[in-house]
Amino acid sequence: MSRDMQDVELLDGDELDGHRADADAAAVHADRRRAVWRWRVVAGVLVVGAGLLGVQAFVDARERAVLAELAGVDGVVRPLGGTLEATALTSQEVDDLRLDAQPGLLAAEIRTVADGPQAIVSTRVDSGGQPRWSIPVLGLGPRPTDEAAPFTVLSRCVASADGPGTAVCLVSDGYVTYSDDGPVAAMSPVTTSEVVVVDTDHGRVVSRWATEPAHVVASLPGLVVTGFADPPAGVVTVVAHDGRTGVERWRYAVPFAEGEDVAGWVEYGSLYTAGDLVVVVSARSITLLDADGRLVRDDLGGHDLGVSYGYLWGSTLRVSSTSATGDVTTTVVAADGDPDADRVYRGDAVVTTVDDGSVPGLFLTMSAGAMSLAEQMGDEPATSGAGPGLRAYDSATGQELWRVRIPSSSAGPSTSGAIVLRGRVYVASPSSAVVAIDARTGRVVWSAAEGPGPVEGVVTDGRSVFAASTRSHDGRRGRWLVGRDLDTGAERWSAPLPDGVDVLTVIDHTLLGMAYSTGERTELG
């Protein structure tokens, strides 16, 4: 047989039909496998798509939850509408917003008329717009000057340290009269005074007693502390009384600062409490006493520090000091007054209007001054510490974390405040309406291209950051409120600001504009 020949199997008809059937079955099976494969691919695509939709839904749900949580953070404003409507508010409406925002806020005040009776009244009003309650108290002394001249009574109320719903009022017959130019024209001395502790929920007197003619009052748990100037002795006498009976518990004599007179202390001095410390402040001194009337320290004011003043931030005492060379430091005084536990920071403390807690313990200050040429050109290291800038500190250790070069101005971060949100700090600067900074590293994430407007303040609704910008529109140059994306700084919203707004504030999640000249407030929304 030739090598080119191949064996060929000859099939009869039945066998041929069988092979054809097998081939048809194999083809059907292959088609089925291809169909299954196609369905598996489609199903896989559907599963991936559904997964992506699920992930997006999860992300959207988480973002909604974050925004809902941020909406309750103090200082966060309710979302603004398409336009910016302005509604004038009365002082009572502003007070109501404050009380709604802070239920423990002082809910009593002193009202009076010249040569007439004084009354402790509720800052809450009834349906007719009148105080919910009123308690008549001492009248003022005779007016020796023009009846129409403006005056301020020396009577005052403070919130009780024993909890909300109680106010401590020092009522006296003294007052200060002002001339048209502002300085004191005449002072009616305090000859009679009394302490009245009031239940502010019901307008009921809890306790009441006469005191030595006092000018100032403060509250500690279980105690009412009053203070009065004693010119012959050259001291301010601080007296602590039992808050229920008025019985004297202790007294302490704080010497006048050198060159200070009685009139100066009565007008400019103050007495308040920081935690369990009694703080006695004059134009040139700050004295701390403990709850038992013992001297804690008197080294925080005057001396070689130049000009110093103390103020409360929450229940903490802060002291801002300016040296003879103009350097400013902020001292956060330890709760027990221990000097070794103080935290001293370079620059003025920056008010944090919103803090979502994303960077715990962050303390911000602003150093003043003009940037050097080296700084302006970027030749000076950011870590040099020289020149103006926004500084961040760890409040637990006092360590400086970073500094961002920002030239100072009257509308800088110290006055406009800062927002700490989602790990970033948002502030205004003289050259940019808003600067966004990584709160942990100090890296500038973005800076608004246009300069700020003369209106102070940065606010947020949790989605955008808003600040004023000056821009031209229809041939008119004016102030606009501009909302920018938190992540990129891209503009998301804008509207012209009404005339007369100098500063933006937020009370009870409501955006307000305030005029410096009149103090009038306008709701913006």
Query raised in the report: Taking atom types as modelled, is there a side-chain donor on E93 or S91 under 3.5 Å from an acceptor on the other?
Result: no

Query raised in the report: Do the side-chain N and O atoms of S395 and R343 include a donor-acceptor pair separated by under 3.5 angstrom?
Result: no

**Report entry** Qualifying residues under salt bridge (charged side-chain N to carboxylate O under 4.0 Å, His left out), relative to R318, sequence neighbours excluded
**Finding:** none

Report summary line: Minimal heavy-atom distance between V158 and V217, with the atoms involved, is CG1-O, 3.9 Å

Query raised in the report: Do L288 and V333 have side-chain heavy atoms sitting under 4.5 Å apart?
Result: yes

Requested in this report: Assess whether side-chain contact (heavy atoms from CB on, under 4.5 Å) is satisfied between Y393 and L401, documenting all intermediate values.
Outcome: CA-CA 5 Å; Y393 293 87; L401 302 175; 5.6 Å; no

Query - Contact list for residues 286-296, test salt bridge (Lys or Arg N to Asp or Glu O under 4.0 Å), sequence neighbours left out - result: D290-R294, D292-R294

Query raised in the report: So, D298 versus S285: side-chain donor-acceptor pair below 3.5 Å or not?
Result: no

Report summary line: For A392 and L364, the nearest pair of non-hydrogen atoms, with its separation, is CB-CD2, 3.8 Å

Query raised in the report: Does any non-hydrogen side-chain atom of V278 lie less than 4.5 Å from one of L220?
Result: yes

Query raised in the report: Do V435 and V444 come close enough that some side-chain heavy atom pair is under 4.5 Å?
Result: yes

**Report entry** Candidate pair V319 and T330, rule side-chain contact (heavy atoms from CB on, under 4.5 Å), full reasoning
**Finding:** CA-CA 6 Å; V319 179; T330 298; over 6 Å; no

Requested in this report: I would like to know whether L497 and L524 meet side-chain contact (heavy atoms from CB on, under 4.5 Å); could you show each step before the answer?
Outcome: CA-CA 9 Å; L497 275 166; L524 305 174; 4.1 Å; yes

Requested in this report: Before accepting this row, confirm whether a basic side-chain N of the pair R297/D336 lies closer than 4.0 Å to the acidic partner's carboxylate O.
Outcome: no

Query - R471: side chain to side chain donor-acceptor pair (under 3.5 Å) partners, not counting sequence neighbours - result: E450, E491

Query raised in the report: Using 4.0 Å as the upper bound for N to carboxylate O, is an ion pair formed by D327 and R346?
Result: no

Query raised in the report: Is there a side chain to side chain donor-acceptor pair (under 3.5 Å) between R484 and S494 once you walk through the steps?
Result: CA-CA 9 Å; R484 295 176 172 83; S494 65; over 6 Å; no

Query - Smallest separation among heavy atoms of A433 and A467, with atom names - result: O-CB, 3.8 Å

Report task. Could you check D487, D438, D485 and say which one makes a salt bridge (charged side-chain N to carboxylate O under 4.0 Å, His left out) with R424? Result -> D487

Query raised in the report: Angle class for the W493/F466 ring planes (parallel below 30°, perpendicular above 60°, tilted otherwise)?
Result: perpendicular

Query raised in the report: What is the minimum heavy-atom distance between A439 and W402, and which atoms define it?
Result: O-NE1, 2.9 Å

Query - Heavy-atom side-chain proximity of L362 to V425 below 4.5 angstrom - result: yes

**Report entry** Test: E109 and R111 ion pair at under 4.0 Å
**Finding:** yes

Requested in this report: Given side-chain contact (heavy atoms from CB on, under 4.5 Å), test T166 with D199 step by step and report yes or no.
Outcome: CA-CA 5 Å; T166 308; D199 176 342; 5.7 Å; no

Query raised in the report: Any idea which heavy atoms bring S358 and G423 closest together, and the distance?
Result: OG-N, 2.9 Å

